[in-house]
Amino acid sequence: MSRRSRGSNKWEVRASTLARNTHNLIRNIVENLQVEPNPSKQLIALSVGDPTTFGNLNPPEQVLQAVHESVEWHISRGYAPAKGHAEARQAVAEYSAHQGNVTADDVILCSGCSHAIELAISVIADSGQNVLVPRPGFMIYKTIAEGLGIEIKYYRLLPDEQWKVDLEDLENQIDDHTAAIVVINPSNPCGSVYSKDHLLEILDIASRNHVPIIADEIYEHFVFSNYEFTALSTLSQDVPILTCSGLTKRFLVPGWRMGWIVIHDRQNIFQKEVREGLAQLANRILGPNTLIQRALPSILKYTPQSFFDEVVLFIENQAKLAYEELRRAPGLRPVMPQGAMYMMIEVKMSMFPEFKNELQFVERLVSEQSVFCLPGQCFEYPNFMRIVLTVPEDILKEACLRIATFCKEHIVSREKLKEIDTNFVLPSETQVICDNGLTRVA
Ligand SMILES: *Cc1c(COP(=O)(O)O)cnc(C)c1O
């Protein structure tokens with residue numbers, strides 16, 4: 001159907017279907033919040049998933065040096081093949097050796113991991129098909145898929161089992177139109193890290209139903225002490241996997257826009273078509289920026305392990321700090337993460353009856369305490385909020401104290417609670433009366 005006829009006598013320019021159906025849920029919700037911070041308190045944004053915001057976390061000297069050198073080379077200024085320079089893809093293949101047997105031919109360089117995800121989805125899903133995504137999970141999947149007419153279906157994660165996949169729900173969501181299952185490990189926003197056994201259970205479902213997997217491993221290796229990261233691809237016998245990763249989170253350079261797809265396909269199920277499809281789709285942007293491509297071999301080779309260890313240790317300590325502070329805040333239940341850089345916190349809305357939902361809770365938290373947490377609705381997961389753990393320690397501590405104060409000031413009194421819900425009993429051993437006569441759970 002043509003929208004304009006020749007000889008039209010007036011202007012009629014509309015945005016395309018793709019443009020109109022592309023939405024960023026987080027931006028939409030955040031922009032519509034009534035967020036006027038308390039002018040007497042400095043605003044602390046625990047909402048932005050960008051580790052560079054506060055300037056306290058920086059890439060190591062070797063990484064900056066590699067880019068400095070790249071700027072000087074004339075070869076860093078020209079076009080590369082759409083899927084990336086061979087040396088850069090070779091470097092990613094070596095860096096990804098923990099994922100299994102990877103060659104440069106298995107690597108497609110992309111403009112950030114989001115672009116890797118876009119290519120992965122668009123190479124295996126057509127309009128009318130669906131892709132299964134964890135809830136709560138990273139929302140870029142919805143942003144990318146819906147404009148393309150690909151349906152996003154959610155499978156449940158279990159907050160009481162450290163956000164493991166509800167396997168029964170996952171399998172129930174699969175239908176004849178399911179083109180892929182997305183597995184995010186370690187997870188944004190949950191911070192969960194899946195064990196080998198759990199990954200095998202997920203693979204078993206994919207294998208029995210013949211559904212390929214998109215493994216979002218942008219937080220690969222980003223795990224706290226006593227946890228182990230396992231690349232999903234190492235465990236797969238047959239399920240073809242497109243692993244998406246990049247420099248963004250681990251090297252603390254989101255703005256550099258360097259990501260990649262690694263193709264894992266032991267049984268050659270994708271055959272030539274999917275591989276070539278990816279190479280063709282890469283042509284849509286003529287490949288990612290070559291300044292970083294040329295620096296990539298040095299970045300991946302010379303970044304010392306001690307840099308990664310220090311960043312992860314910092315985040316782990318931040319997680320412990322926030323967990324200890326917020327665990328004692330009445331009406332909240334933080335879920336201790338095992339990796340990545342976020343923490344999910346349950347807001348027990350029944351204990352804050354003055355707020356209709358967690359959206360109102362975070363709004364008032366901004367207007368009274370100038371602390372901004374991302375409401376769970378941004379992940380289509382109400383009654384929770386997400387905080388980022390990458391902010392400086394003193395700021396995180398201050399933010400947690402303010403959140404706790406806010407909770408104490410707004411938690412319903414025990415008498416009121418009984419009126420609202422006659423069945424409500426606070427577990428006696430954890431029940432504490434605060435200074436102001438209100439209850440809190442220790
Ligand atoms: C940040 C993030 C990405 C996107 O990374 P970019 O390289 O900035 O595009 C993808 N997946 C998850 C789970 C993320 O948290």
Side-chain angles (χ1 to χ4, degrees), residues 22 24-27 46-53 57 59 63 84 88 92 95-96 107-122 131-145 152 154-155 157 163 165 180-194 213-223 229 231-232 241-262 282 285 287-289 292-293 296 299-300 311-312 315 337-344 374 378-381 386-390:
T22 301
N24 180 326
L25 187 67
I26 297 187
R27 295 238 164 113
L46 298 181
S47 52
V48 194
D50 180 341
T52 69
T53 313
L57 294 176
V63 166
V92 171
Y95 174 77
S96 306
V107 176
I108 313 274
L109 297 187
C110 303
S111 182
C113 183
S114 317
H115 182 229
I117 291 166
E118 178 177 354
L119 295 195
I121 288 182
S122 41
V131 171
L132 307 190
V133 171
R135 176 157 63 194
F138 190 55
M139 294 309 287
I140 198 102
Y141 292 92
K142 192 178 162 79
T143 305
I144 290 168
I152 288 293
Y154 294 106
Y155 63 86
L157 303 183
W163 303 106
V165 173
I181 297 169
V182 173
V183 177
I184 309 176
N185 180 49
S187 156
N188 174 8
C190 303
S192 46
V193 176
Y194 292 149
I213 289 184
I214 296 173
D216 183 337
E217 296 184 355
I218 188 76
Y219 298 99
E220 55 189 347
H221 311 297
F222 223 118
V223 299
F229 167 73
L232 190 62
I241 297 177
L242 297 176
T243 300
C244 299
S245 185
L247 292 184
T248 299
K249 305 286 172 29
R250 197 160 180 241
F251 294 79
L252 304 169
V253 290
W256 288 5
R257 312 310 300 135
M258 182 52 62
W260 48 79
I261 296 177
V262 181
I285 65 160
N289 89 69
I292 306 301
Q293 286 196 39
L296 208 45
I299 292 175
L300 297 180
V311 174
V312 173
I315 310 254
Q338 305 160 318
M341 30 194 241
Y342 314 93
M343 182 185 284
M344 286 287 270
L374 209 58
C378 289
F379 308 100
E380 300 201 31
Y381 204 72
R386 186 197 77 175
I387 62 170
V388 302
L389 300 168
T390 47

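Nothing here was measured: the structure is a model prediction, and the numbers come from that model. As the structure lists them, so they are numbered: ligands from 1, and atoms in each ligand from 1. Here, residue 1 is the first one in the sequence, and each next residue gets the next number.
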Present, as a list of atom pairs with distances to 0.1 Å, all nitrogen or oxygen contacts under 3.5 Å between ligand 1 and the protein.
{"residue": "ligand 1", "atom": "7 (O)", "partner": "Cys113", "partner atom": "N", "Å": "2.7"}
{"residue": "ligand 1", "atom": "7 (O)", "partner": "Thr248", "partner atom": "OG1", "Å": "2.5"}
{"residue": "ligand 1", "atom": "8 (O)", "partner": "Arg257", "partner atom": "NH1", "Å": "2.8"}
{"residue": "ligand 1", "atom": "9 (O)", "partner": "Cys113", "partner atom": "N", "Å": "3.2"}
{"residue": "ligand 1", "atom": "9 (O)", "partner": "Ser114", "partner atom": "N", "Å": "2.7"}
{"residue": "ligand 1", "atom": "9 (O)", "partner": "Ser114", "partner atom": "OG", "Å": "2.4"}
{"residue": "ligand 1", "atom": "9 (O)", "partner": "Arg257", "partner atom": "NH2", "Å": "2.9"}
{"residue": "ligand 1", "atom": "11 (N)", "partner": "Asp216", "partner atom": "OD1", "Å": "3.4"}
{"residue": "ligand 1", "atom": "11 (N)", "partner": "Asp216", "partner atom": "OD2", "Å": "2.7"}
{"residue": "ligand 1", "atom": "15 (O)", "partner": "Asn188", "partner atom": "ND2", "Å": "2.8"}
{"residue": "ligand 1", "atom": "15 (O)", "partner": "Tyr219", "partner atom": "OH", "Å": "2.7"}
{"residue": "ligand 1", "atom": "15 (O)", "partner": "Lys249", "partner atom": "NZ", "Å": "3.0"}

Donor-acceptor contacts, no H, no angles, side chain residues 247-262, under 3.5 Å, sequence neighbours left out:
{"residue": "Lys249", "atom": "NZ", "partner": "Tyr219", "partner atom": "OH", "Å": "3.1"}
{"residue": "Arg250", "atom": "NH1", "partner": "Tyr95", "partner atom": "OH", "Å": "2.7"}
{"residue": "Arg257", "atom": "NH1", "partner": "Pro254", "partner atom": "O", "Å": "3.0"}

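Side-chain contact check for Ile214 versus Ile181: every heavy-atom pair is 4.5 Å or farther apart.
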| query | Taking it one step at a time, do Trp163 and Tyr381 satisfy ring-ring contact (aromatic ring centres under 6.0 Å, His included)? | reply | CA-CA 13 Å; Trp163 303 106; Tyr381 204 72; 5.7 Å; yes
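Between Gly84 and Leu109, the closest heavy-atom pair is CA-CD1, 3.9 Å.
The closest donor-acceptor contact from the side chain of Glu220 to the backbone of Phe229 lies at 3.5 Å or more, if one exists at all. Of the possible donor and acceptor atoms, none in the side chain of Glu217 sits under 3.5 Å from a partner among the backbone N and O of Thr243.
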